[in-house]
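Since the structure comes first, as structure tokens, the remarks are kept for the end.
Quantities reported herein were computed from a predicted structural model and do not represent experimental measurements. Residue indices begin at 1 and follow the sequence shown.
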Amino acid sequence: MNPANAPHRVMHTMIRVRDLDASLDFYTRLLGMKLLRRKDYPEGRFSLAFVGYGAEIDHAVIELTHNWDQPTAYDIGNGYGHIAIAVHDIYTVCDELKAQGAKVIREAGPMKNDTLHLAFVQDPDGYKIELIDAKTVAA
């Protein structure tokens, strides 16, 4: 196969997390992703966990990187934006997330000058996750 003609796709987005267990709970229990794989690297003093809604071979996933000796919270920086996840019935999803202790930082509602309905939640490290109501996405 000629690499120049091969289809390309996003494999994963990596974010560094301070508390891997809290992050895994957020992404799996609250957002409904599956833990696809997890491996500790004792010699490097870090762990990797991959979470997502489907197998890495054909779905984009999130790589959670936990450096064991990180003494302070990470600086998210001003270049990071967000991860977007399509959901069904954004209003119900946000209500359920709040009831389970998730931090909703932008309530569900329409985007200004658009038909899209969205919300934002924050994971335990402060990363923004945009939730988009799948029914409102233009084809």
Side-chain angles (χ1 to χ4, degrees):
M1 174 179 253
N2 180 349
N5 296 328
H8 301 297
R9 67 175 187 83
V10 174
M11 290 183 64
H12 66 260
T13 297
M14 184 276 267
I15 57 176
R16 290 181 175 84
V17 300
R18 181 110 188 274
D19 181 338
L20 186 55
D21 291 331
S23 294
L24 285 171
D25 180 64
F26 176 82
Y27 287 98
T28 59
R29 185 176 64 85
L30 295 181
L31 294 185
M33 293 183 187
K34 293 182 177 135
L35 174 60
L36 302 171
R37 61 187 169 102
R38 177 181 177 168
K39 185 170 182 182
D40 295 328
Y41 295 86
E43 293 175 1
R45 303 205 42 80
F46 70 95
S47 300
L48 300 179
F50 291 79
V51 294
Y53 295 109
E56 292 173 76
I57 192 67
D58 49 20
H59 289 84
V61 302
I62 300 171
E63 173 188 338
L64 304 173
T65 298
H66 174 242
N67 294 299
W68 299 355
D69 301 318
Q70 179 66 24
T72 59
Y74 287 102
D75 175 6
I76 294 173
N78 62 7
Y80 175 80
H82 60 268
I83 298 165
I85 297 172
V87 300
H88 296 285
D89 190 357
I90 194 160
Y91 298 94
T92 300
V93 169
C94 283
D95 288 343
E96 290 171 354
L97 287 170
K98 285 190 286 188
Q100 295 179 64
K103 185 175 182 180
V104 176
I105 58 174
R106 194 254 197 217
E107 292 292 332
M111 188 172 127
K112 187 175 182 180
N113 300 320
D114 203 328
T115 59
L116 205 64
H117 285 227
L118 56 92
F120 277 90
V121 296
Q122 231 172 16
D123 83 355
D125 288 282
Y127 293 105
K128 293 177 185 172
I129 313 298
E130 180 181 22
L131 304 176
I132 300 173
D133 194 303
K135 298 180 303 252
T136 65
V137 176

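Counting only heavy atoms from C-beta outward, the side chains of D133 and L116 never approach each other to under 4.5 Å. Using a 4.5 Å cut-off on side-chain heavy atoms (C-beta onward), D123 and I83 make no contact. The closest side-chain heavy-atom distance from L31 to Y53 is below 4.5 Å. Contact annotation: the side chain of L64 approaches that of L24 to within less than 4.5 Å [non-hydrogen atoms, C-beta and beyond]. Counting heavy atoms from C-beta on, the side chains of K135 and H117 never come closer than 4.5 Å. Side-chain contact between I105 and V121: absent, with no pair of heavy atoms (C-beta onward) separated by less than 4.5 Å.
V93 is not connected to V137 by any chain of hydrophobic side-chain contacts under 4.5 Å among Ile, Leu, Val, Met, Phe, Trp and Tyr, and they are in different clusters. Cluster annotation: L36 and Y27 are assigned to distinct hydrophobic clusters (Ile/Leu/Val/Met/Phe/Trp/Tyr, side-chain heavy-atom contacts under 4.5 Å, transitive).
Note: F50 and H12 meet the aromatic proximity criterion, with ring centroids under 6.0 Å apart. For H82 and F120, the gap between ring centers is short of 6.0 Å.
Of the possible donor and acceptor atoms, none in the side chain of T28 sits under 3.5 Å from a partner among the backbone N and O of L35. Listed for the D40 side chain is no donor-acceptor partner under 3.5 Å among the backbone atoms of P42. Of the possible polar contacts, one joining the Y80 side chain to the K128 backbone as a donor-acceptor pair under 3.5 Å is found.
A donor-acceptor pair shorter than 3.5 Å can be found between the side chains of N67 and Y74. Judged by distance alone, the side chains of Q70 and R16 never bring a donor and an acceptor atom under 3.5 Å apart.
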Chi angles and distances behind the salt bridge (charged side-chain N to carboxylate O under 4.0 Å, His left out) call for E130, R106: CA-CA 9 Å; E130 180 181 22; R106 194 254 197 217; over 6 Å; no

Test log, rule side chain to side chain contact (heavy atoms under 4.5 Å, CB included), inputs L20 and R38: CA-CA 10 Å; L20 186 55; R38 177 181 177 168; 3.5 Å; yes

Step-by-step side chain to side chain contact (heavy atoms under 4.5 Å, CB included) determination, M33 to I62: CA-CA 10 Å; M33 293 183 187; I62 300 171; 3.7 Å; yes

Steps toward side chain to side chain contact (heavy atoms under 4.5 Å, CB included) verdict (L97, L131): CA-CA 11 Å; L97 287 170; L131 304 176; 3.6 Å; yes

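More than 12 heavy atoms of other residues, nucleotides or ligands shown are found within 6.0 angstrom of NZ on K98.
A salt bridge between D125 and R18 is absent, with no side-chain N of the basic residue lying under 4.0 Å from a carboxylate O of the acidic one.
Note: S47 OG to K39 NZ = 11.0 Å, rounded to the nearest 0.5 Å.
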